[in-house]
Amino acid sequence: MSDRNPNVSTPAFPEDSQEFADNLARLSQKSLELVTEFYEQQKSAGQVEIDPLNISGAFLELTQKMLSEPEKIIQAQTQLWQGYMELWQNAAQAAMGQEVKPVIEPDKSDKRFRSEEWTKNQIFDYIKQSYLLTSKTINDMVAEVDGLSETDHKKVDFYTRQITDAMSPSNFFWSNPDVLKRTYETKGENLIKGLEHLLEDLKNGRGQLNPRMVPDGVFEVGKNIAVTPGKVVFQNDLMQLIQYTPTTEEVYKRPLLITPPWINKFYILDLKQENSFIKWCVDQGYTVFVISWVNPDERHADRTFESYMSEGILAALDAIEATIDEKEVTAIGYCIGGTLMSATLAYLAAIGEDRIKACTFFAAQTDFEEAGDLLLFTDEEQVQMIERKMKAAGFLEGKNMATTFNMLRSNDLIWSFVVNNYLMGKDPFPFDLLFWNCDTTNMPPQMHSFYLRNMYQKNLLSKPGGLTLGGQPIDLSKVKTPIFVQASREDHIAPYNSVFKATKLMSGPAEFMLAGSGHIAGVMNHPSANKYQYWTNNSRKKYETADDWLKDAVEHPGSWWPHWDKWLSKKSGKKVPARDPEKGKLKPIEDAPGSYVRVKAKPGKTGP
């Protein structure tokens, strides 16, 4: 017998429903406030551009291509109709108490339908399967259309998925069983609270909707986030350099310089003590220096990609030598910080300097031909739109970057919060990683345009002499520094096949290692967590792709950090007495994590 029951968790409202009626009246008033607020925000923003990304043009071409092959449309419609008929038949059999298998099931990683009511309740199970059938058909039809340019094909495929994700029944009041149940239990109070959340988010977003991901006041940088002890020992207009206080009596002679991305703040490497990569490195006996980038505004409009090299990495190397008398270092570059680090290594090779003796890359790309989903946001129309925004404000607002990254995982980073905050009327869960994700940074216009055009559009870093930095044409093949290249198997920002190419572009000894999970969790995986896995390959074969490499790789459980430590420790020199940042030659400026990291992203001007 089936355990499905069409009456499960669809309770009728009680006869004495005055409280519910009162809440409906309040809901109506809040809705009016919401509409008024949205109108005023849009009015104050001025005239906005219509379709600046030329999405409509891509979809028009898609429609024309689809109409030119009607047989494919008929075939897709026939398959969808057959799926519906099977679903109807299953529903009828289940209503008579027969056990049936689902026509279609959500992916195991899909969190939208994890509530048991989506399976046990026949009505909601039908709604769920009907949606999954329809969205799969639509997405498959778009993916299989021939004749579009590669750029337009990827664009319409991505935005079609955004639409089908938005139309999920989990995102709507009447088709989400958990929302209906909570509305009954709270007599509609959840909807009023949800509208209050929505109104507050619209005000904070100045007319743009950015759901809160963490509750206010739970985390504070320097208080319960980024608390590893250390000192700011150097600063300029672009960065602060932090030296961390040792926890061992002896340390490796060569200090470790970490260059994080400036698209986000450095403390992803130093969240809480129990998952801090920086603290773990200090505890292993490394003298750790970290660059904390400025959160730029219009004063930094003239800063270039080269500025981040000269005022960032090169200035940090000079400061390290000045304070502890060590010219040779090891280094880490994370994401765009790794892209910059690879360019810096090529620049140092061009001028005959060999200061960085070993370099690690976390999720960093040097060849952008297969740069993943972010390529969708770097075609000419979108780059021009970004440049117009930067010209108007003097910088690219951090919220623009945040929106882009959130769209890459819209179900997890947008729609789950719409349901939790606005429909369930709950406060978001206090999660340190999401607090960091929301602590956005602005981008200087010259630097960002250079990065988008020369890396993503033209892929010049991978070409010998393609870029000139510090007056030197740079060539990654001239880099002979030993490198350790980390990638993550589920990384949608820096796909592992793209990251792998660094091992082929640079000429020194290269070790590639693949971690489980994605762009952040694949990197920040403390050994004490006992999570995920990683793959290594000790073969001396030369592999063309990371997929080829993976076929011969060996899987290991847990964190890859100890494996990396064995690699780096051999390249870090002998042990010497620990270096206290308070006793270095450079006078400490302030305590870690410093003041630059506390600066919030400044909003730009309204309007286009």
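The basis for the numbers below is simple: all heavy atoms, side chains too, and nothing from hydrogens, waters or symmetry mates. If you're wondering where the values come from, they're calculated on a predicted model, not measured in any experiment.
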Side chains of residues 75-85: which donor-acceptor partners sit under 3.5 Å, not counting sequence neighbours?
residue, atom, partner, partner atom, Å
Thr78, OG1, Ile74, O, 2.8
Tyr84, OH, Thr134, OG1, 2.4

Tabulate below the donor-acceptor pairs under 3.5 Å that side-chain atoms of residues 405-416 make, not counting sequence neighbours, or state none.
residue, atom, partner, partner atom, Å
Asn406, ND2, Ala402, O, 3.3
Arg409, NH2, Asp412, OD2, 3.4
Ser410, OG, Asp165, OD2, 3.3
Ser416, OG, Asp412, O, 2.6

Using modelled atom types only, decide if a donor and an acceptor are shared between the side chain of [X] and the backbone of [Y] within a distance under 3.5 Å.
X: Ser115; Y: Trp118; result: no
X: Asn525; Y: Lys531; result: yes
X: Thr441; Y: Ile263; result: yes
X: Thr403; Y: Lys399; result: yes
X: Gln382; Y: Leu376; result: yes
X: Gln129; Y: Val103; result: yes
X: Ser488; Y: Gly518; result: yes

With a 3.5 Å cut-off and sequence neighbours excluded, list the donor-acceptor pairs that the side chains of residues 426-437 form with protein atoms.
residue, atom, partner, partner atom, Å
Asp427, OD1, His197, NE2, 3.3
Asp432, OD2, Asn275, ND2, 3.3
Trp436, NE1, Lys265, O, 2.8

Who passes side chain to side chain contact (heavy atoms under 4.5 Å, CB included) against Ala553, sequence neighbours left out?
Trp535, Asn537, Trp549, Leu550
Hits for side chain to side chain contact (heavy atoms under 4.5 Å, CB included) against Gln89, two or more places apart or cross-chain, chain-then-number order -> Gln93
Go through the steps for Met524 and Phe277 under the test side-chain contact (heavy atoms from CB on, under 4.5 Å), then give the verdict.
CA-CA 7 Å; Met524 297 301 114; Phe277 176 76; 3.9 Å; yes
Taking the side chain as every heavy atom from C-beta outward, state whether Asp379 and Asp152 have any pair of such atoms under 4.5 Å apart.
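They are not in contact (no side-chain heavy atoms under 4.5 Å apart), so the answer is no.
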With sequence neighbours left out, write down each residue that passes salt bridge (charged side-chain N to carboxylate O under 4.0 Å, His left out) with [X], or none if nothing qualifies.
X: Arg182; value: none
X: Glu144; value: none
X: Lys193; value: none
X: Arg161; value: Asp157

Hey, which of Leu198, Leu180, Asn190, Val179 is the one that makes side chain to side chain contact (heavy atoms under 4.5 Å, CB included) with Leu423?
Val179
Can you tell which of Trp567, Tyr334, Trp564 makes a side chain to side chain donor-acceptor pair (under 3.5 Å) with Thr360?
Trp564
Output all residues satisfying side-chain hydrogen bond (donor to acceptor under 3.5 Å, both in side chains) with His153, sequence neighbours left out; order by chain, then residue number.
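Per chain and number, His153 pairs via side-chain hydrogen bond (donor to acceptor under 3.5 Å, both in side chains) with no residue.
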Sequence neighbours excluded - side chain to side chain donor-acceptor pair (under 3.5 Å) pairs with any residue from residues 553-563:
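For residues 553-563, and leaving out neighbouring residues, the side chain to side chain donor-acceptor pair (under 3.5 Å) pairs sorted by first residue read Glu511-His563, Thr536-His556.
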Applying salt bridge (Lys or Arg N to Asp or Glu O under 4.0 Å), which residue pairs with at least one partner in residues 491-503 are found, sequence neighbours left out?
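Listed by first then second residue: Asp367-Lys501, Glu369-Lys501, Glu370-Lys501.
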